[in-house]
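Order of the sequence lines fixes the chain letters, A, B, ..., with proteins taken first and strands second; residue numbering starts at 1 for each chain.
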Amino acid sequence: MRLFEHEAKSILREYGVPVPNGLTYSLGGELNLGSLRSPFYVKAQVPVGGRGKAGGILLARTEDEVIAHIKRISGLMIGGHPVSSILIEESHVIEKEFYLSIVVDRTLECYTLIAGSEGGIDVEQSSRMSPETILKVPISPLREIRDFDISAISMHLGVAPALLKPIVHALWGAMVSMDAELVEVNPLILQGQRLVALDSKIQIDDNALFRQAAISSLPPRGRSAEEAAAFSQGLNYVGLDGEIGIIGNGAGLTMATMDLVKSNGGRPANFLDLGGGALSESFKRGVLFLMALDRVKAILINIFGGITRCDEVARGIAAAVAEKGYKKPVVVRLLGTNEPEGRAILEAAGIGAFSEPAEASSRAIALAGGRT
Amino acid sequence: MRLFEHEAKSILREYGVPVPNGLTYSLGGELNLGSLRSPFYVKAQVPVGGRGKAGGILLARTEDEVIAHIKRISGLMIGGHPVSSILIEESHVIEKEFYLSIVVDRTLECYTLIAGSEGGIDVEQSSRMSPETILKVPISPLREIRDFDISAISMHLGVAPALLKPIVHALWGAMVSMDAELVEVNPLILQGQRLVALDSKIQIDDNALFRQAAISSLPPRGRSAEEAAAFSQGLNYVGLDGEIGIIGNGAGLTMATMDLVKSNGGRPANFLDLGGGALSESFKRGVLFLMALDRVKAILINIFGGITRCDEVARGIAAAVAEKGYKKPVVVRLLGTNEPEGRAILEAAGIGAFSEPAEASSRAIALAGGRT
Amino acid sequence: MIGERSHVMIQGITGREGAFHTKQMLEYGTKVVAGVTPGRGGASVEGVPVYNSVRDAVSKHPQIECSVLFVPPAFAFDAALESIDAGIRWTIMITEGVPIRDSMWLINYAKSKGCKILGPNCPGMIVPGKAKMGIMPSIAFSPGRVGLVSRSGTLTYEAAFTIKRSGMGISRAIGIGGDPIIGSSMLEMVQFFESDQATDAIVILGEIGGRMEENVAAAISAGQVRKPVVAYVAGFAAPQGKRMGHAGAIMDEGQGTAKEKLESLRSAGANVAERTDDLPRLIGSSLNKKR
Amino acid sequence: MIGERSHVMIQGITGREGAFHTKQMLEYGTKVVAGVTPGRGGASVEGVPVYNSVRDAVSKHPQIECSVLFVPPAFAFDAALESIDAGIRWTIMITEGVPIRDSMWLINYAKSKGCKILGPNCPGMIVPGKAKMGIMPSIAFSPGRVGLVSRSGTLTYEAAFTIKRSGMGISRAIGIGGDPIIGSSMLEMVQFFESDQATDAIVILGEIGGRMEENVAAAISAGQVRKPVVAYVAGFAAPQGKRMGHAGAIMDEGQGTAKEKLESLRSAGANVAERTDDLPRLIGSSLNKKR
């Protein structure tokens with residue numbers, strides 16, 4: 001789960017990273033700049049990068065300018081996202097911009113500290129063009145940050161260890177205690193004898209939300225209202241623009257099912273993985289969710305039961321189909337654990353089940369009015 | 001470094017282990033029992049076990065009895081140690097006695113939690129006779145105590161996990177943060193719904209004293225005034241009752257030198273290891289220390305220089321011999337790093353150096369008036 | 001490597017999934033000798049004795065060399081730690097939804113004890129016709145000489161079933177798990193199959209994300225894998241996933257698209273399948289080519 | 001195992017002992033390629049370049065496979081951790097006085113990285129006539145076919161010198177260190193010598209305390225050590241040491257007296273020496289017996 005900038009900054013402030021003074025303005029609310037000093041940055045809060053180029057970050061010298069900017073920014077769509085709120089911050093004089101982050105390193109199976117001597121929005125480019133500007137320090141999860149880690153970063157950035165130490169420890173503290181996959185400050189600027197994080201990203205591990213109460217109680221956020229709705233129903237869902245609703249069990253099989261539909265000339269309407277021993281209730285919710293989508297013309301369910309049991313799947317599908325308002329065709333491919341029981345349930349509900357994914361896929365495309 | 005009972009208990013109390021109410025009485029001081037409730041235990045503070053059998057722990061019902069007991073106990077020598085102070089504590093009704101400790105496990109190279117269902121002074125015997133009364137739980141230093149560790153102990157002792165958890169965590173906390181080699185509570189008694197540590201031992205790793213300021217500022221303690229004096233001069237010294245003063249570099253060589261003296265019919269006066277790159281100053285101090293001991297008739301110095309350099313050794317010996325009051329013969333065996341320089345220095349100081357330990361040993365025994 | 005003779009323990013054996021799959025494993029011939037559920041010691045599931053702790057189970061069954069873990073995410077950390085600390089060589093974490101912090105720590109810790117983790121979020125391992133330490137539906141697998149390693153559970157079954165119907169079979173199928181951080185990598189398992197005398201050809205089933213498939217491709221290019229490799233990667237139709245801030249790009253974890261992965265495998269010399277039902281044909285032809 | 005071709009790094013190279021022994025190691029033929037002292041990067045000691053960090057040293061000298069550590073106790077933890085994290089296979093901790101908590105943690109952590117620690121409080125390792133990674137006085141050692149493993153530095157020199165004067169020599173001498181917790185055990189090193197083609201006989205030099213000698217005796221009894229073993233244990237005249245509360249007895253660490261140790265080795269079939277100058281005779285006779 002990706003946090004908004006203002007959420008990430010309030011966490012980092014708590015852990016001891018200096019961030020600009022600022023306030024979060026809720027759209028439609030009262031504006032009160034309080035003791036904030038001009039000039040201000042007015043920043044759209046969206047869960048993607050590229051805000052600056054999209055006009056989502058503007059400089060204001062007066063309260064009137066702030067109000068005008070809010071008006072302009074409020075209406076923007078950035079990377080397909082409406083602006084959820086607006087952060088207004090004091091601006092800072094930038095002497096030097098750095099990049100600093102901690103990330104989960106999939107290859108080394110540890111944390112990795114990344115320090116860039118050329119921070120700012122172009123850090124990706126400088127990391128490609130001038131890899132020597134980037135220092136990567138892998139840190140085993142079995143250990144803590146030590147002074148020699150700080151020294152390495154200090155040497156690389158040319159910033160005194162005493163200045164960096166509290167920042168790095170704060171990022172580490174947030175990373176570990178918040179179950180983050182990423183904690184990033186960029187740019188981290190040097191102003192006099194002080195480092196300030198002008199922007200920040202935090203990505204929380206979704207698997208850890210059960211023990212991150214403060215994070216899991218934040219409002220859901222997604223690419224779209226549709227995805228937010230799916231999230232709130234506990235569905236592992238991604239929306240696409242096709243007409244074949246897809247349900248699979250396991251991310252791999254679900255993706256392979258989408259690939260098959262696509263290669264047969266159909267267009268997947270979504271990704272919906274109900275893997276890992278999902279019970280009938282999830283399947284019912286999933287089928288009903290897809291049925292409610294206008295663009296969906298047929299639903300293809302591809303199940304190879306392992307920990308997921310075919311009878312549970314069938315019960316869920318049958319329950320969904322039995323609901324009032326059922327209109328759209330459902331094609332099921334069913335194989336694996338408790339398959340006979342599952343087939344019997346589907347049969348009783350008048351739903352045919354295929355064994356071959358290719359056949360099921362072709363049937364779904366045909367029912368959706370496709371070419372096959 | 002072994003802490004006295006009252007020191008260990010004050011540490012454990014800080015970490016959250018319930019211990020009896022009590023006060024430490026300094027010999028010759030005023031006695032004020034304050035709010036302590038009768039009956040009392042009057043306990044000699046000595047750095048060895050076996051106090052009870054030596055009459056060092058007595059029960060008193062009145063202040064007068066306490067005073068009488070103090071008088072009796074003050075004069076005791078227990079295991080060769082004078083009583084350093086006296087702990088007076090409220091007595092407890094014992095429903096059940098347990099044993100609980102954390103120790104550095106040399107074989108597994110980790111910590112090991114030990115829980116005994118039959119605590120008290122006979123725990124060693126019950127561990128031999130009824131090994132099933134003892135549970136050992138190894139804990140890697142890379143991890144922390146987890147609930148399943150507590151459960152294992154709880155099952156073994158038949159004590160609720162909720163009662164044990166704070167105690168085990170306290171022992172663990174003390175063990176790790178105090179750089180202990182041993183934290184032991186025995187007996188740990190159950191009284192109603194409360195566990196209380198009636199006695200406790202803590203052994204601190206001498207190597208860690210540099211970062212355990214609170215411990216290293218405690219008064220030195222040793223087998224004797226002689227050893228305390230050596231300790232305060234930074235000497236790794238153990239006193240024995242022979243007449244040949246022994247200095248070696250490295251514990252192994254020093255012990256082998258003692259073995260050689262003994263097998264040649266002499267008697268070592270001490271163990272003094274000046275290993276690990278000791279500088280001339282240590283050698284000077286070491287030689288002077290041995291010269292000052294009445295029982296020492298000759299000093300045998302056995303050096304095979306690796307990180308210890310023969311010239312440093314020789315300079316130290318020469319400086320000691322040059323001090324006023326030099327009376328006792330010094331026999332040196334010198335070999336290894338910078339040996340020629342070392343020999344030259346000894347020669348200039350009029351001290352002969354041997355190459356063979358057996359020869360040097362025989363010479364020292366002869367000079368001490370021995371049989372060889 | 002664990003196999004048909006290995007004694008197996010089930011953690012979370014009294015739970016719904018644990019009990020169900022214990023029965024399945026026993027029926028398949030697996031030597032399930034003990035189960036663990038704290039507080040349920042003394043019970044039995046499908047004739048398998050249940051213990052309160054791994055310590056208890058191992059003291060009674062010292063030959064256990066594999067634990068299969070069906071414990072909910074919030075308790076998986078302690079359960080796996082118990083298994084590792086008891087010296088059990090393989091801990092197979094079936095559990096889905098384990099926090100990355102937990103699995104990452106466990107994977108590193110297990111190394112300090114000389115133990116291996118498979119998963120989490122994985123279907124386990126099966127030696128068709130002999131034993132399974134996991135949740136694979138037995139129907140999908142027939143014995144044979146194809147080694148299968150996969151990041152996806154259900155895709156494993158799909159591929160194995162396709163191979164079965166073609167008349168070929170599987171020497172061993174290993175589901176390494178779909179999480180970003182897993183205990184046994186695709187390359188490690190490919191290396192196992194390379195040295196496994198029961199295996200003639202290797203099938204890898206990849207997914208978008210990470211660099212596991214690229215690492216296998218690099219090993220093939222370096223000549224470390226001489227047996228034929230057939231690869232399928234799921235996710236051509238998948239949308240671009242979330243990116244980890246700038247760090248994702250700097251770490252060169254990139255998007256790891258299906259196309260990129262398949263390309264790197266193809267140019268390393270692997271046979272690549274566009275659909276799972278293409279696998280048997282490609283396995284057959286690559287075996288013929290090698291002969 | 002590291003040897004004459006290994007590239008060696010010195011941590012704490014600008015210190016008094018570090019610089020002195022760097023010179024000695026170079027003169028002995030050891031490939032000392034880099035040194036580390038934080039804040040002294042750019043300097044050079046005996047022609048060896050000095051770096052600010054292990055990271056810097058390893059990036060310039062990626063072949064380093066052994067670090068010899070001359071860093072004071074308070075800094076030894078970080079120095080060893082740097083070495084391990086840089087992937088250096090062997091970290092030889094010469095430092096005396098390292099807190100047990102630090103060495104115990106490092107030893108377990110090193111395993112998670114597939115690295116080994118020798119020491120702390122040890123003289124290192126020497127392959128006589130070829131290379132030394134440590135502080136042994138070269139004069140004490142001549143090349144030969146006796147493998148020497150010892151808990152005591154100076155006793156190692158003593159024994160090696162006695163062997164040298166007898167006309168025999170040493171294949172390799174390994175000082176495992178005198179601390180209660182050390183990275184490489186006596187048994188591990190005996191097992192190395194057992195499989196080492198350059199070694200015909202094994203000498204172990206023990207000390208009172210712990211169970212290292214008893215563990216070697218058990219391995220000999222179990223038939224795991226077939227080369228002749230000659231043992232000396234120091235401490236017959238030593239006073240009884242401190243005992244670790246009741247825990248010491250419960251753990252069966254006992255006193256580990258010299259007599260007990262020598263007895264257990266003798267009854268396992270080792271030749272035991274009462275004095276170090278007995279060693280050559282016993283080595284000679286045990287080699288003759290084997291032939």
Specify which of [options] makes the most heavy-atom pairs with chain D at under 4.5 Å.
{"options": "Thr257(B), Asn338(B), Ile202(B), Ile303(B)", "value": "Asn338(B)"}
{"options": "Gly49(B), Gly305(B), Ala208(B)", "value": "Gly305(B)"}
{"options": "Ala251(B), Cys110(B), Ser140(B)", "value": "Cys110(B)"}

- request: Identify, with sequence neighbours excluded, every residue that meets side-chain hydrogen bond (donor to acceptor under 3.5 Å, both in side chains) alongside Glu243(B).
  value: Arg267(B)
Heavy atoms only, distances under 4.5 angstrom: which of [options] has the most pairs with chain B? Name it, please.
{"options": "Ser150(D), Ser152(D), Ser112(D), Ser103(D)", "value": "Ser152(D)"}
{"options": "Gly97(D), Gly178(D), Gly153(D), Pro73(D)", "value": "Gly97(D)"}
{"options": "Ile107(D), Ile182(D), Thr156(D)", "value": "Ile182(D)"}

More than 12 heavy atoms of other residues, nucleotides or ligands under 6.0 Å from [atom1] of [X]: is that the case?
{"X": "Lys23(D)", "atom1": "NZ", "answer": "no"}
{"X": "Glu274(D)", "atom1": "CD", "answer": "no"}
{"X": "Phe75(D)", "atom1": "CZ", "answer": "no"}

Give, for atom [atom1] of [X] and atom [atom2] of [Y], the distance between the pair rounded to the nearest 0.5 Å.
{"X": "Met104(D)", "Y": "Leu142(B)", "atom1": "CE", "atom2": "CG", "answer": "9.5 Å"}
{"X": "Ile139(D)", "Y": "Phe304(B)", "atom1": "CD1", "atom2": "CZ", "answer": "6.5 Å"}
{"X": "Arg211(B)", "Y": "Asp102(D)", "atom1": "CZ", "atom2": "CG", "answer": "4.0 Å"}
{"X": "Asn249(B)", "Y": "Tyr157(D)", "atom1": "CG", "atom2": "OH", "answer": "8.0 Å"}
{"X": "Ile181(D)", "Y": "Glu181(B)", "atom1": "CD1", "atom2": "CD", "answer": "9.0 Å"}
{"X": "Glu96(D)", "Y": "Asn236(B)", "atom1": "CD", "atom2": "CG", "answer": "8.0 Å"}

Side chain / backbone / both / neither for [X] at chain B, heavy atoms under 4.5 Å:
{"X": "Pro123(D)", "answer": "neither"}
{"X": "Ile94(D)", "answer": "side chain"}
{"X": "Asp277(D)", "answer": "side chain"}
{"X": "Lys111(D)", "answer": "side chain"}

message: I need the minimum non-hydrogen distance between Trp105(D) and Pro141(B), along with the two atoms involved.
response: CD1-O, 3.4 Å
query: Of the non-hydrogen atoms in Ala256(B) and Ala234(D), which two are nearest, and what is the gap between them?
result: N-CB, 4.0 Å
Given a strict heavy-atom distance threshold of 4.5 Å, which part of [X] is in contact with chain D: side chain, backbone, both, or neither?
{"X": "Ser177(B)", "answer": "backbone"}
{"X": "Arg143(B)", "answer": "neither"}
{"X": "Thr337(B)", "answer": "both"}
{"X": "Val261(B)", "answer": "neither"}
{"X": "Pro357(B)", "answer": "side chain"}

query: For Phe161(D) and Leu335(B), what are the C-alpha separation, side-chain angles and deciding distance, and is it a side chain to side chain contact (heavy atoms under 4.5 Å, CB included)?
result: CA-CA 10 Å; Phe161(D) 194 60; Leu335(B) 208 77; 3.3 Å; yes
query: Picking from Asn207(B), Asp179(B), Asp205(B), what satisfies side chain to side chain donor-acceptor pair (under 3.5 Å) with Arg101(D)?
result: Asp179(B)
message: Assess the residue pair Arg275(D) and Asn264(B) against the criterion (side chain to side chain contact (heavy atoms under 4.5 Å, CB included)); give the C-alpha distance rounded to whole Å, side-chain angles, the decisive distance to 0.1 Å, and a yes or no.
response: CA-CA 11 Å; Arg275(D) 297 165 46 150; Asn264(B) 282 346; 3.5 Å; yes
